[in-house]
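Contents: one structure, followed by commentary.
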Amino acid sequence: MADRHQVLVVGAGPVGFLTALGLARQGVEVTVLDSEPAVVKSPRAAVYFHTTLSILKKLGLSEEAHAIGEPSHEFRMHWLETGEVMNSDMRDALDPGQEFDHNLHFGQHILAELVMEHLARLPNTQTLWNHRVTGLDQSGSGVTLTVETPDGEKRMEADWVIGTDGARSTVRNLLGLEFEGFTWPDRFVATNIEYPFLEQGFANANMVVDPVNWAVVGRLGRENLWRLTYGEDAGLDEATILERLPERFAAILPDPSIPYRIDNFSPYRVHQRCAPTFRVDRVLLAGDAAHACNPCGGLGLTGGVIDADMLSDALGAVIEGRADESVLDFYARERRRVFLEIVSPMSTNFKRLLSEKDPEQRARDKRDMFAEAEKGGSEIRASSLAELIKGAAVPIPPSPLRRPA
């Protein structure tokens, strides 16, 4: 006999947990599955834009998130070859209706654990670790997953399944969906280090521009722990990253003579890819399982969080009978459009700006950035985020998605 569930969410990262929490707060019974034994703590996203903070507030998480994280409103671009620095302040270019005038810095795994704690407080929810999905079958009335568990293979039935299991998504693969796009030739290396960046003229959020030694540098929270992500040739031996790392840090750090401590590091390949659809009958995709982009600009997790918010609203309305399934098609179509038309091109351009090899183009980029900054403080960054929000803001008709007063 198979266990029966209302919604199964496959993937216990921030997007999976936020989707589950959004549904559970509407009274939906939700079970989250993950093949890992606990929340993965390898370095990943660490900065949450005001769009994400508004969604956390909607879910009752804002106060605790702010108690954990480091608020930040400044952003700096550093040009290694000239030593020039451009400073931006997001308070100078707030969008109409914007709730927060700052970003928040803390590790992605901390966000996942925070959301998981809130989910566990609600009835009819559970998180099952060491549960690896190996099979998926659909009928008109539901989905059956075959799952390897610590107690052996099980069959789990659900009215709906949501795949939030990352860029290598098992759910997407079991649906037979291609992951269209390309993989960057670089290997990205995310490091967590202790180093006095603030004393060396860095803000809490930074990008370092250089054709070879480009980097993204951001504070991870209130302590002096920083995420420094750089790229290297993917053909180099991954096992010897730590041997090459001192030379790379010597080029990137403002004063390499100052001692630093490596707390953690994680190499990974980066993609610009998108599934051909985010819905196949009663199975839906969100986050990196649906679309993946390089992390320059911080748009990957931001897009996934907006997915979680939109999908939990839409599916909750369908389950409660406040909307028909066409809103799920709207979710799938609109979030895919936003990724292809806005998020992927924008993140690709951020990556190009950081690592542009043509010196004439780098000079033009720098000139344009300084000109924009002089016009409006943080117009470059704020307008980029405004476009992301604008793309996601085409509303589902409010009546089916708004809970009755």
Side-chain angles (χ1 to χ4, degrees), residues 43 46-47 70 72-93 102-103 105 184 186-220 224-233 241 244-262 265 294-298 346-384:
V47 180
E70 172 71 12
S72 176
H73 50 78
E74 285 189 305
F75 169 74
R76 287 181 190 156
M77 296 281 288
H78 306 255
W79 281 265
L80 276 186
E81 60 186 340
T82 65
E84 291 171 281
V85 177
M86 186 197 75
N87 189 65
S88 299
D89 192 321
M90 66 184 295
R91 296 172 298 183
D92 295 335
H102 59 272
N103 300 325
H105 293 233
W184 290 89
D186 317 51
R187 173 193 295 125
F188 281 47
V189 182
T191 67
N192 291 352
I193 70 168
E194 287 184 356
Y195 180 85
F197 279 105
L198 293 179
E199 298 172 14
Q200 299 300 312
F202 275 56
N204 284 330
N206 310 265
M207 290 185 177
V208 177
V209 181
D210 191 80
V212 176
N213 295 302
W214 63 267
V216 179
V217 181
R219 194 172 175 183
L220 285 176
N224 184 37
L225 191 64
W226 295 74
R227 170 72 43 71
L228 190 161
T229 299
Y230 64 88
E232 66 170 16
D233 185 342
I241 285 175
R244 295 188 296 274
L245 194 146
E247 181 180 359
R248 185 56 62 91
F249 275 16
I252 297 171
L253 297 179
D255 185 349
S257 69
I258 298 175
Y260 58 83
R261 183 183 72 85
I262 300 173
F265 78 100
N294 80 82
C296 301
M346 190 182 301
S347 66
T348 299
N349 192 50
F350 271 124
K351 171 65 168 62
R352 185 198 65 78
L353 288 171
L354 288 181
S355 58
E356 176 61 57
K357 297 190 183 304
D358 181 349
E360 294 184 0
Q361 183 61 52
R362 282 203 308 278
R364 286 193 293 270
D365 291 338
K366 182 171 60 177
R367 184 178 62 247
D368 291 344
M369 287 184 189
F370 274 103
E372 287 295 320
E374 288 174 5
K375 286 194 295 184
S378 58
E379 270 191 353
I380 302 167
R381 184 157 170 267
S383 64
S384 298

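We're numbering straight along the sequence, starting at 1.
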Check your understanding: Are there more than 12 heavy atoms of other residues, nucleotides or ligands under 6.0 Å from atom CD of Glu81?
Key -> yes
Please report the interatomic distance [atom1]([X]) to [atom2]([Y]), rounded to the nearest 0.5 Å.
X	Y	atom1	atom2	value
Asn204	Glu70	CG	CD	5.0 Å
Asp368	Lys366	CG	NZ	12.0 Å
Leu225	Leu220	CG	CG	4.5 Å
His73	Arg91	NE2	CZ	3.5 Å
Met77	Asp365	CE	CG	8.5 Å

Listed by chain and number, what are the side-chain hydrogen bond (donor to acceptor under 3.5 Å, both in side chains) partners of [X], not counting sequence neighbours?
X	answer
Arg364	Gln361
Glu232	Arg187, Arg244
Asp255	Ser257

Check your understanding: If only atom types and distance count, is the side chain of Arg219 paired as donor or acceptor with the main-chain N or O of Asn224 below 3.5 Å?
Key -> no
Point to revise | salt bridge (charged side-chain N to carboxylate O under 4.0 Å, His left out) pairs, two or more places apart, involving residues 191-205 | key: Glu194-Arg261
Practice item. Apply side chain to side chain contact (heavy atoms under 4.5 Å, CB included) to the pair Val217 and Tyr195, showing each step before the final yes or no. Key: CA-CA 11 Å; Val217 181; Tyr195 180 85; over 6 Å; no
Would you call [X] and [Y] a side-chain contact if the rule is heavy atoms closer than 4.5 Å?
X	Y	answer
Asn349	Arg352	yes
Val208	Phe202	yes
Asp186	Lys351	yes
Leu253	Ile193	yes
Glu356	Trp214	no
Thr191	Phe249	yes
Met207	Leu353	no
Phe188	Val216	no

Check your understanding: By side-chain contact (heavy atoms from CB on, under 4.5 Å), which residues pair with Ile252, not counting sequence neighbours?
Key -> Asn213, Ala215, Leu228, Tyr230, Arg248
Check your understanding: With sequence neighbours left out, what residues match Pro256 under side-chain contact (heavy atoms from CB on, under 4.5 Å)?
Key -> Ala250
What's the shortest heavy-atom distance between [X] and [Y], and which atoms?
X	Y	value
Gly218	His105	C-ND1, 4.5 Å
Ile241	Phe265	CG2-CE1, 4.1 Å
Arg76	Gly201	NH1-O, 3.0 Å
Ser347	Asn294	O-ND2, 3.0 Å
Pro254	Phe197	CD-CE2, 4.2 Å

Practice item. Say whether Glu74 and Asn87, considering side chains only, have a donor N or O and an acceptor N or O under 3.5 Å apart. Key: yes
